[in-house]
Amino acid sequence: KTSKVQYYNNPMWPGEAHSLKVEKILYQGKSPYQEILVFESSTYGNVLVLDGIVQLTDKDECAYQEMVTHLPLCSIPSPKNVLVVGGGDGGVLREIARHDSVETIDICEIDQLVIDVCKEFFPNLSMGFKDPRVRLHVGDAVDFLRDSPEGKYDAIIVDSSDPIGPAQALVEKPFIQTIARALKAGGVLCNLAESMWLHTHLIQDMLSICRQTFKGGVHYAWTSVPTYPSGVIGFLLCAKEGPPVNFLTPVNPIEKIQGATKAGKELRFYNSEIHRAAFVLPTFVRRELESY
Ligand SMILES: NCCCN[C@H]1CC[C@H](N)CC1
């Protein structure tokens, strides 16, 4: 059997490799934006790879999708209008759908082929597209946010790939500013913020951009995803200044999630305690991020 060695030869992960044994290649293709590979692994279920980078596996996707969704949505009272940037696999949509207060779910995904491939090979994730509140926009989120009305969303989740391909623009200041404008007062952004072990400089840059733009507070949180480089990934929770609700910070969950999804899928990772714990940082990380 072949083994799929991911040489992270791009500048994001110099000199690192991560290999998963390939039991069977299920799909290989190329969209206008990226190379797409799906294979059946020995112990992680199906694996989605974009441009040679593992995006998700059946086994550990819950750690990422549940945290990137419930850290923001469980930190604001009854979110109604939510936007997902990226997220074409549908996993974040599945998680948002657990919140009964949500009335509309906009998703802006640039690559239709990712959606089609995930509908075929990742039914437990693409089930998210079946929720009647979902409105799909296929296109560049930079344009979508630029054209979005001011103050429309309670929460925006940037569920993108790494900022070295189609998602490069999503960590830059102009885009972050359009996100802040599209959020309601007191609204919250959760975006991907990479690994505390590998990407301190990127996290510092994002922290300073977000802290200039979000006056309600910016907090780094992290979770464990065994198939991502270094085994952990981070998020930035950014609160737009809003109603004077002192206890309200992304660190303290205030919203209880209604249990299983409509399709009976229980939470596998998120809970209120792990919500709080996600913001507790190792000493070296506190030191590296404190002055940003
Ligand atoms: N929606 C699936 C997760 C997409 N997020 C990224 C995948 C690749 C990782 N290196 C960083 C997170």
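For the single chain, residues carry numbers from 1 onward in sequence order. Both counts, for ligands and for their atoms, begin at 1 and track the order of listing.
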### Query
Rounded to the nearest 0.5 Å, how far does CD1 of Ile53 lie from CD of Gln55?
6.5 Å

### Query
Taking only residues two or more places apart in sequence, or in another chain, which ones meet Asp159 in a salt bridge (charged side-chain N to carboxylate O under 4.0 Å, His left out)?
none

### Task
State which residues pass salt bridge (charged side-chain N to carboxylate O under 4.0 Å, His left out) with Arg181; sequence neighbours excluded, sorted by chain then number.
none

### Task
Give every residue pair that meets the salt bridge (charged side-chain N to carboxylate O under 4.0 Å, His left out) criterion with at least one member in residues 123-146, sequence neighbours excluded.
Asp106-Arg135, Asp131-Arg133, Asp143-Arg146

Check ligand 1 for close polar pairs with the protein: N or O on both sides, less than 3.5 Å.
unit_1, atom_1, unit_2, atom_2, d
ligand 1, 1 (N), Asp89, OD2, 2.7
ligand 1, 1 (N), Asp159, OD1, 2.9
ligand 1, 1 (N), Asp159, OD2, 2.9
ligand 1, 5 (N), Tyr64, OH, 3.3
ligand 1, 5 (N), Ser160, O, 3.0
ligand 1, 10 (N), Asp162, OD1, 3.1
ligand 1, 10 (N), Asp162, OD2, 2.7

### Query
What is the minimum heavy-atom distance between Ala221 and Leu71, and which atoms define it?
CB-CD1, 3.9 Å

### Query
Under 3.5 Å, is there a donor-acceptor pair linking the side chains of Asn81 and Glu103?
no

